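Please read the structure below before turning to the comments.
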Amino acid sequence: MAYTEEQIHKLNQQFKGIPPEEIISWAIQSAKNPLVTTNFRPYEVAILHAVTDVSPHIPVVWCDTGYNTPNTYKHAEELIARLHLNVKLYVPKQTSSHRDAIMGIPGIDDPRHQLFTEQVKLEPFRRAMEEHKPDVWFTNLRQGQTALRDSLDILSLSRDGVLKVSPFYHYNDSQLDAYLKDRNLPNEHKYFDPTKVLENRECGLHT
Ligand SMILES: Nc1ncnc2c1ncn2[C@@H]1O[C@H](COP(=O)(O)OS(=O)(=O)O)[C@@H](OP(=O)(O)O)[C@H]1O
């Protein structure tokens, strides 16, 4: 179902304070092709647990840049097994070894940084979205993370008109910590995104 910006605005007002599982159930009911994306960064376990609780077989798109920390890889394996995630893995077309020999990890002021980001993140992510063609896309975007994220809400529309659903949008870290503790869910903070360097940068998936 297609929503207007006005309808989205009204729904966001209604959804404020509503438990994530209710928002997820609402979104799943009208979805033909829902998916959830993850990079297994800190707190992703919350959205993965909440969404698969409502929809156990939902596709979970993971674009592995090839530069994750050993902790992230182990955390990913743990969550995949524990939550029985239906993971759809996407990797860059080049190996990290190939790229290491040609450009390494260019800093954000290096002109090659854009090509690097395209290779390790944007192209695999586009490929995933083209193959799955979701109408509903669950993410763990939260308020207070970046200026762009502050301008979004629980529901928002992507450039392509996909309904983005971020049921934990109004949660801060302490609230998420409590959510994870109540459910005995593991978290992992040792995370590295080679396209960001700084935590409050956007790399272009949502811009
Ligand atoms: N590597 C990879 N694989 C699969 N999915 C991914 C990946 N990187 C990002 N995402 C998803 O996109 C959401 C935004 O990520 P980013 O912060 O990196 O993008 S952006 O800089 O805001 O454009 C991000 O939202 P969060 O759930 O809040 O992390 C993910 O749902």
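This is a predicted model, so every value here is computed, not measured. As the structure lists them, so they are numbered: ligands from 1, and atoms in each ligand from 1. The basis for the numbers below is simple: all heavy atoms, side chains too, and nothing from hydrogens, waters or symmetry mates.
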Exercise. Going by the atom numbers of ligand 1, which of them fall below 4.0 Å from some non-hydrogen atom of N140?
Worked result: 26 (P), 27 (O), 28 (O)
Exercise. Which of the atoms in ligand 1, numbered in the order shown and given with their element, are less than 4.0 Å from a heavy-atom of L141?
Worked result: 25 (O), 28 (O)
Exercise. Just checking, is any N or O donor in the side chain of R149 or Q143 under 3.5 Å from an acceptor N or O on the other one?
Worked result: no
Exercise. Which atoms form the tightest heavy-atom contact between I105 and Y67, and what is the distance?
Worked result: CD1-CD2, 3.7 Å
For this session: Could you tell me the separation between the CG atom of L155 and the OH atom of Y3, rounded to the nearest 0.5 Å?
Result: 8.0 Å
Exercise. For ligand 1, is V61 a contact, meaning one of its heavy atoms is under 4.0 Å away?
Worked result: yes
Problem set entry | Distance filter under 4.0 Å to E44 heavy atoms, resulting ligand 1 atoms | 26 (P), 27 (O), 28 (O), 29 (O)
Exercise. Using heavy atoms and a threshold below 4.0 Å, how should the contact between R142 and ligand 1 be classified: side chain, backbone, both, or neither?
Worked result: neither
Problem set entry | Check: Y90 ring centre within less than 6.0 Å of W62 ring centre | no
Exercise. Ring centres of F15 and H170 under 6.0 Å apart?
Worked result: no
For this session: State whether the shortest distance between N or O atoms of T65 and N or O atoms of ligand 1 falls below 3.5 angstrom.
Result: no
For this session: Could you check which of R149, K196, R41 puts a non-hydrogen atom nearest to atom 15 (O) of ligand 1?
Result: R149
Seminar exercise, completed: Short version for F125: what comes under 4.0 Å of ligand 1, heavy atoms counted, is side chain
Exercise. Less than 3.5 Å between some nitrogen or oxygen of F138 and one of ligand 1, yes or no?
Worked result: no
Exercise. Judged by atom type as modelled, is there a donor-acceptor pair below 3.5 Å linking the side chain of N86 to the main-chain atoms of V60?
Worked result: no
For this session: State plainly whether the residues E78 and K74 are in salt-bridge range, i.e. N to O under 4.0 Å.
Result: no
Exercise. Between W137 and ligand 1, is there a nitrogen or oxygen pair with a distance under 3.5 Å?
Worked result: no
Exercise. Any nitrogen or oxygen of N39, main chain or side chain, under 3.5 Å from a nitrogen or oxygen of ligand 1?
Worked result: yes
Exercise. Would K121 and D193 pass as an ion pair if we require N to O under 4.0 Å?
Worked result: yes
Exercise. At a non-hydrogen distance cut-off of under 4.0 Å, which region of T195 contacts ligand 1 (side chain, backbone, both, or neither)?
Worked result: neither
Exercise. Hey, is ligand 1 close enough to D64 that some N/O pair sits below 3.5 Å?
Worked result: no
Exercise. Would you say ligand 1 has an N or O under 3.5 Å from any N or O of K121?
Worked result: yes
Exercise. Aromatic ring centroids of F125 and W137 under 6.0 Å?
Worked result: yes
Problem set entry | Heteroatom distance test (L148, ligand 1): nitrogen or oxygen, under 3.5 angstrom | no
Exercise. Is it true that a side-chain atom of N12 and a backbone atom of I8 form a donor plus acceptor pair closer than 3.5 Å?
Worked result: yes
